[in-house]
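Accompanying notes for the structure given below.
Read the numbers this way: they start at 1 and go in the same order the structure lists the ligands and their atoms. These numbers come from the heavy atoms of this one structure, side chains and all, not from hydrogens, waters or symmetry mates.
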Amino acid sequence: MALSFQKAKNLIKALKKKGYESYIVGGAVRDFIMKKEPIDIDITTKAKPTDVMRHFNSVPTGLKYGTVTVEFEDSQFEITTFRLDGPTKDFRHPDSVIYSDNVKDDVLRRDFTINGLLMDENERIYDHVGGLEDIKHEVIRTIGNPYDRFNEDALRILRALYFQSKLGFRIDEETKQAMKDSRFLIKEISRERVFNELIKTLKGPYLKLALETMIETQIDEVLPGLKNGINYISKLDKLPFVDPFFVVSFILNQGIVPEYWPFSNYHKNMYQKAVILSMKTKDFITPHDLYEYGLEISILANKANTFLGKSRYTENDIENAYQKLPIKSELDLALTSQEIMTYYNKKPGLWLGKLKKALVNDVLSKKVKNEKAALLKHLESMEV
Ligand code: ATP
Ligand code: MG
C-alpha cells in the first residue's frame with residue numbers, strides 16, 4: 001500500500017504514544033478496503049485540538065470543527081477530535097461542536113456507512129455501522145435514518161450522488177426515497193457547496209448511474225438549468241466531461257446559462273459563447289466564427305454539437321481549420337494602421353477600426369490575400 005498510508009499509521013502510533021486513542025477514518029479506510037488510492041487521509045483522535053497542536057507541527061485549519069492539519073513525515077493530515085454534531089439551522093453547518101470521548105459518536109455523525117469505518121495502525125478495521133457489508137455489496141446507505149441525516153445536512157443528498165458517480169455503487173432504496181423526498185432542502189444550502197459536489201460528481205467514472213438517480217429522485221429539477229441536459233446525457237453511451245456537459249445542458253435550456261451557478265468569469269464567458277456558437281442555425285462552423293470565438297470555444301462548441309448529433313467535424317478538423325485561417329487577429333493584418341492612414345491621408349478615428357474589421361472580413365472570406373500590396377490595392381474598392 002502507498003507510502004501515505006504508512007505515514008498515517010506512523011502518525012496514529014505517535015498519537016497513541018502520547019496517550020490518545022486514534023484511527024484513520026472515512027474515505028481513506030473505504031479506499032484502503034477497495035484497494036484504491038485515497039485522495040486524502042483523515043485521522044480521528046481523542047486528543048483535543050490544543051493537544052494535537054502542542055505535540056505536532058500543525059495549523060488550525062478548521063478549529064470550529066475540531067480540525068487541525070498536521071505536517072508529519074513531509075505529508076499533511078487532517079486530524080479531527082472525536083465529536084458529536086449539534087443540531088443545524090442552515091442545513092449545512094453544525095451550530096456547535098461537542099467533543100466526545102467515544103469514537104463511536106464520531107462514526108455515527110458521519111454521512112454513509114461506507115465512510116464510517118475506522119482503521120488502526122495494524123490495519124485492523126472497526127465497523128460500528130455495517131460499512132464493510134455495504135462496501136462488499138456496493139451499497140450507499142446513510143448512517144441512521146436518512147430523513148434525519150438529510151435534514152441535518154442536505155449536502156449529503158448530493159454526496160450520495162457523488163459517491164455513486166465515483167464508486168459505481170447502487171443507492172439503498174430507503175436512502176434513495178429520502179433523497180427524493182428531501183430534494184427541496186438542496187435549495188437551502190449555499191450554491192458554492194452544491195456546485196462543488198456537482199463538479200466532483202460530473203468527474204466520476206460512473207456518472208451515468210448518478211444521472212439516472214438524479215432523474216429517478218427528481219433531483220434534476222432542483223439543479224437550475226440542468227434538467228434537460230441530465231435527461232439527454234443520461235441516455236448517451238459516451239458522456240461529455242465537465243465543460244461540454246454544461247454547454248450541452250445550457251443549449252437544451254433554451255441557451256440560458258443560469259445565474260445560480262458560481263462559475264468563474266472565465267468559465268461563464270466560455271459557456272455563454274460556446275452555447276451561442278453551437279446554436280447557430282446556419283453553417284456551423286465558418287472561418288469567421290473560428291476567428292471571432294477562438295480555438296478553445298470553437299472546439300468546445302463543436303464537442304457539444306457532436307454530443308447533440310449536430311456536427312460532422314472532429315476536433316482535429318476544427319483545429320486544422322483554425323490553423324489554416326489566413327489571419328487570427330487584427331494584429332496579423334499585413335497593413336498597419338499607419339499605412340492605412342497614410343493611404344487615405346486621414347487622422348485616426350472610428351473609421352479606422354471599422355475599416356480594419358472590414359479588411360479582416362475580406363481576408364477571412366478570401367476576397368483578398370493578407371499581403372501588403374494586395375491589401376493596398378483592395379483599399380481602392382473600399383468605402384471609408
Ligand atoms: P473522497 O474520496 O472524495 O475524499 P471522502 O469519503 O474522504 O471522499 P471527504 O469529503 O474527504 O469524503 O470527507 C471525509 C469524511 O468526512 C467522509 O468520509 C465522511 O465520513 C465525513 N463527512 C464529510 N462530509 C460529511 C457530511 N456532510 N456529513 C457527514 N459526514 C461527512
Ligand atoms: Mg477524503
Side-chain angles (χ1 to χ4, degrees), residues 2 4-5 8 23-45 61-62 64-67 69 75-88 90-95 97-98 100 103-119 125-132 134-135 140-169 175 178-179 182 185-186 188-190 192-207 210:
S4 50
F5 264 113
Y23 306 87
I24 299 176
V25 67
V29 183
R30 177 199 71 224
D31 293 339
F32 178 83
I33 290 162
M34 294 178 68
K35 300 190 166 43
K36 288 189 176 192
E37 200 56 43
I39 298 176
D40 41 32
I41 301 183
D42 296 316
I43 287 170
T44 185
T45 182
T61 42
K64 267 205 297 196
Y65 307 108
T67 303
T69 300
S75 290
Q76 296 196 335
F77 299 91
E78 287 210 335
I79 304 191
T80 304
T81 305
F82 298 164
R83 62 174 229 230
L84 287 150
D85 280 348
T88 64
D90 66 355
F91 302 101
R92 172 65 194 101
H93 295 294
D95 289 334
V97 175
I98 304 160
S100 169
V103 69
K104 203 172 159 191
D105 291 329
D106 189 79
V107 164
L108 293 178
R109 74 169 174 88
R110 292 174 183 273
D111 48 10
F112 303 105
T113 60
I114 57 170
N115 295 340
L117 295 163
L118 301 163
M119 183 166 94
I125 305 289
Y126 302 82
D127 181 5
H128 300 288
V129 293
L132 282 172
D134 282 343
I135 290 179
I140 296 160
R141 183 197 318 269
T142 53
I143 295 174
N145 181 312
Y147 289 90
D148 295 343
R149 304 312 311 281
F150 295 149
N151 250 300
E152 280 166 17
D153 179 2
L155 193 73
R156 291 170 188 151
I157 299 169
L158 297 172
R159 283 178 61 83
L161 294 164
Y162 159 58
F163 289 113
Q164 181 166 48
S165 176
K166 177 186 171 96
L167 304 169
F169 289 11
T175 296
M179 287 166 68
S182 311
L185 297 178
I186 292 170
E188 311 289 336
I189 44 183
S190 86
E192 283 75 20
R193 303 286 311 177
V194 174
F195 181 60
N196 198 17
E197 226 56 39
L198 175 69
I199 295 287
K200 281 159 60 187
T201 303
L202 295 184
K203 292 178 177 171
Y206 301 95
L207 173 60

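Looking at Asp153 against ligand 1, only its side chain comes within 4.0 Å, counting heavy atoms. Neither the backbone nor the side chain of Leu155 comes within 4.0 Å of ligand 1, counting heavy atoms alone. No part of Val25 comes within 4.0 Å of ligand 1, judged by heavy-atom distances. Contacts with ligand 1 closer than 4.0 Å are made by side-chain heavy atoms of Arg159 only, the backbone lying farther away.
Note: no N/O pair closer than 3.5 Å links Arg149 and ligand 1 by distance alone. Polar contact with ligand 1: present for Gly27 (N/O pair, distance under 3.5 Å).
Distances from the Mg ion (ligand 2) to each N, O or S atom of Asp40 single out OD1 as the nearest.
Heavy-atom proximity to Arg109, at under 4.0 Å, picks out these atoms of ligand 1: 29 (C). The ligand atoms of ligand 1 that sit less than 4.0 angstrom from a heavy atom of Gly26 are 18 (O). Below 4.0 Å from some heavy atom of Lys166 lie the following atoms of ligand 1, by number and element: 2 (O). Heavy-atom proximity to Arg110, at under 4.0 Å, picks out these atoms of ligand 1: 15 (C), 16 (O), 19 (C), 20 (O), 21 (C), 29 (C), 30 (N). Applying the 4.0 Å criterion to heavy atoms of Tyr162 picks out, from ligand 1, the atoms 1 (P), 2 (O), 3 (O).
Rounding to the nearest 0.5 angstrom, the gap separating the CG atom in Leu84 from the CD1 atom in Ile98 is 6.0 Å. We find the CD1-CG distance between Ile186 and Leu198 to be 10.5 Å, quoted to the nearest 0.5 Å. Ile41 contributes atom CD1, which lies 4.5 Å from atom CZ of Phe5 (distance to the nearest 0.5 angstrom).
The existence of a salt bridge linking Arg110 and Asp106 is confirmed by a sub-4.0 Å separation between a basic side-chain nitrogen and an acidic carboxylate oxygen.
Each of Arg156, Lys203, Lys200 was scored for a side chain to side chain contact (heavy atoms under 4.5 Å, CB included) with Tyr162, with one residue passing: Lys200.
Contact annotation: Glu152 has no heavy atom less than 4.0 Å from any atom of ligand 1. The shortest separation from a heavy atom of Phe112 to ligand 1 is not under 4.0 Å, leaving the residue out of contact.
Nearest to atom 14 (C) of ligand 1 by heavy-atom distance, out of Thr80, Asp111, Asp42, is Asp42. The option from Asp40, Val29, Asp106 that lies nearest to atom 11 (O) of ligand 1, judged by heavy atoms, is Asp40.
Of the N and O atoms on the side chains of Thr44 and Thr80, not one donor lies less than 3.5 Å from an acceptor on the other residue.
The backbone N or O of Asp134 sits nowhere less than 3.5 Å from a side-chain atom of Arg141 that would complete a donor-acceptor pair. Within the 3.5 Å criterion, the main-chain N or O of Thr69 finds no donor-acceptor partner in the side chain of Glu78.
Of all heavy-atom pairs between Ser165 and Thr201, the closest is OG-O, 2.6 Å. Heavy-atom minimum distance, Asp31 versus Glu37: OD2-O, 4.1 Å.
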